Amino acid sequence: MLQMRAAAVFFALCAAMTGCKFVKTADQQAQAAAQAFDPDRLVSGSWESKVLPYLKERAGSFEEVTALIASNPDAAAQKFGHKERGGTAPWTYAATVKGRIVTAETQSRAAYVEVDINGDGKPDLRVAIGPAIRGTALRDSLGFVNFNEFKNQIDWAQYGKSFNTYVNANVLERLPRDGLVGKRLDALGAFPQPSSGELPQFVPVTITVGG
Amino acid sequence: MKLTRRLTLVAFGAALAATTAMPAFAANLIAIITPSHDNPFFKAEAVGAEKKAKELGYETLVLVHDDDGNKQSQLIDTAIGRGAKAIILDNAGSEVSIAAVQKAKDAGVPSFLIDREINATGVAVSQIVSNNYQGAQLGAEEFVKLMGEKGNYVELLGREADLNAGIRSKGYHDVIDDYPQMKMVSQQSANWSQTEGYSKMETILQANPNIQGVIAGNDTMAMGAIAALQAAGRKDVIVVGFDGSNDVRDSILSGGIKATVMQPAYAQAQLAVEQAHAFITTGKKPADEKRLMDCILINAANAKKLETFALSQ
């Protein structure tokens, strides 16, 4: 009787065991690493295939975008802008910039140049040239990313930062820092709705300076 | 005899349970649960939510969980027991609160989260999230600018158990650490408290007299720090806070604290009640569960317009 009960217990255990599956720890770690949130890889993996095409397709010339913001903000938002649905962030617009550099601040880590577009000699916008880039204009300009797909605001913020890191390492670091004033500047990028009285703060994704 | 006695006992017990679980069953009740009202930020949330709920014809049950997950769980039970139609919740932790919100959902009570998010979707009907990270980046950018991108500084952290303390600190360093000439000489927790902000600042100042700036995880600690600095005759030290309280507004206007960032506590609480009302009456959920409420930088330029966590136009 006791033997029978022991056998039954053993059998039950065996039955339970079949529900288990042996997984190598190393495989598990590799799998976890593959699934772990990697904002730098998300950005570099989508830069050529999605980010640049989206901004190219969406952007209007800086003059066109700012004129429409002034005359019909809703239309400007529809045509060139993006913001998180339901959020309180300002609209961020995609634009191309062609103009001449009139001032350069290269002592700051958050370096920038100011660019005259309409030829009156006065700056019309400020273009960030890194290495430190303020804000998250690039992330916020993209219609195909959505805060709701991220775990929380930390992941979302790090994703935003990764755009700045990427553009700095792959685009801005190569720019000259000296003799910028007077040179022509061509760029594609984005800027958030400026606060009243402030110049638009533009972050480029492509930029050429010269001539 | 024995049976009847047992029956009366059961009946008595049931009656007792019923009365303790439902001391006052309200037909149209919204529960508003936040951290302690000692911090004016949470008070503003509760006041904003309560006002909107009353406008829409609800009775309210205002409770505080003191950032204690167990207490929060009990308060959710109370809300369920009282037959609340919805819960407006500024939760006690992004992980610990998931089960509590799920419990309410299982009992048929929808939750509308404000300020802090939880690490799960599909449990609450909506999450109106204060973008603490963005706010911290904004505050840090202003701090770095005021410091001329260099110098020794002190960071006062919030209570370690609070997720927002970590988020804000991360946001600060995300920006400040891009500037190699900014040197953090001390980083200590003052537990969101003004008195601790004062005493910690006093001690830090003795050990590190050569500091040019203090960045604090919230306004109450910034108020403590500026008081200690002023008592030591150090009016040169730049102090930046976080929350956008009226106290810090007044300090900015009188040349004390230099900047803070404002979270729209009052407005987001009201929005949550509007969402709850729409859900109760029409069953309609907001298009996206989560929405981010960005913070706004407050400095001498716009401090005048700040009143109870809202900027007038």
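Predicted model, so just to flag it, every value in this text is computed and none were measured. Note on naming: letters A, B, ... go to the chains in the order of the sequence lines (proteins, then strands), and numbering restarts at 1 for each one.
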Practice item. Check whether any side-chain heavy atom of Asp288(B) sits under 4.5 Å from a side-chain heavy atom of Phe147(A), and report yes or no. Key: no
**Study point:** Cationic N near anionic O, under 4.0 Å, Lys161(A) to Asp178(B)
**Key:** yes
Exercise for review: Hey, could you give me the OG1/CD distance between Thr121(B) and Glu149(A), rounded to the nearest 0.5 Å?
Suggested key: 11.0 Å
Review point. What distance do Ile154(A) atom CD1 and Asp174(B) atom CG have between them, rounded to the nearest 0.5 Å?
Key: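 The CG atom of Asp174(B) is 11.0 Å from CD1 of Ile154(A), to the nearest 0.5 Å.
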Check your understanding: Is the backbone of Glu149(B) close enough, under 3.5 Å, to the side chain of Arg109(A) for a donor and an acceptor to pair up by distance?
Key ->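 No, Arg109(A) side chain to Glu149(B) backbone: no donor-acceptor pair under 3.5 Å.
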Quick check on [X] against chain B: is it the side chain, the backbone, both or neither that has a heavy atom closer than 4.5 Å?
{"X": "Glu84(A)", "result": "neither"}
{"X": "Lys151(A)", "result": "both"}
{"X": "Ser108(A)", "result": "both"}

Check your understanding: How about residues 70-81 of chain A versus chain B: which residues have heavy atoms under 4.5 Å apart?
Key -> none
Exercise for review: Residue by residue, scan residues 123-143 of chain B and write down, ordered by number, those that have a heavy-atom distance under 4.5 Å to chain A; if none do, write 'none'.
Suggested key: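 Val129(B), Ser130(B), Asn131(B), Asn132(B), Tyr133(B), Glu141(B), listed by number.
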Exercise for review: Please list, in residue-number order, every residue in residues 110-120 of chain B that has a heavy atom less than 4.5 Å from any heavy atom of chain A; write 'none' if there are none.
Suggested key: Glu117(B), Asn119(B)
Point to revise | Contact summary for Thr88(A) and Asp294(B), nearest pair of heavy atoms | key: OG1-N, 2.6 Å
Review point. Taking only residues two or more places apart in sequence, or in another chain, which ones meet Tyr172(B) in a side-chain hydrogen bond (donor to acceptor under 3.5 Å, both in side chains)?
Key: none
**Study point:** Closest-packed option against chain A by number of heavy-atom pairs under 4.5 Å, given Pro180(B), Gly148(B), Gly171(B)
**Key:** Pro180(B)
Point to revise | Atom group of Lys290(B) that falls short of 4.5 Å from chain A, counting heavy atoms | key: both
Whether over 12 other heavy atoms sit under 6.0 Å from [X] [atom1]:
{"X": "Glu160(B)", "atom1": "CD", "value": "no"}
{"X": "Asn118(A)", "atom1": "CG", "value": "yes"}
{"X": "Lys103(B)", "atom1": "NZ", "value": "yes"}

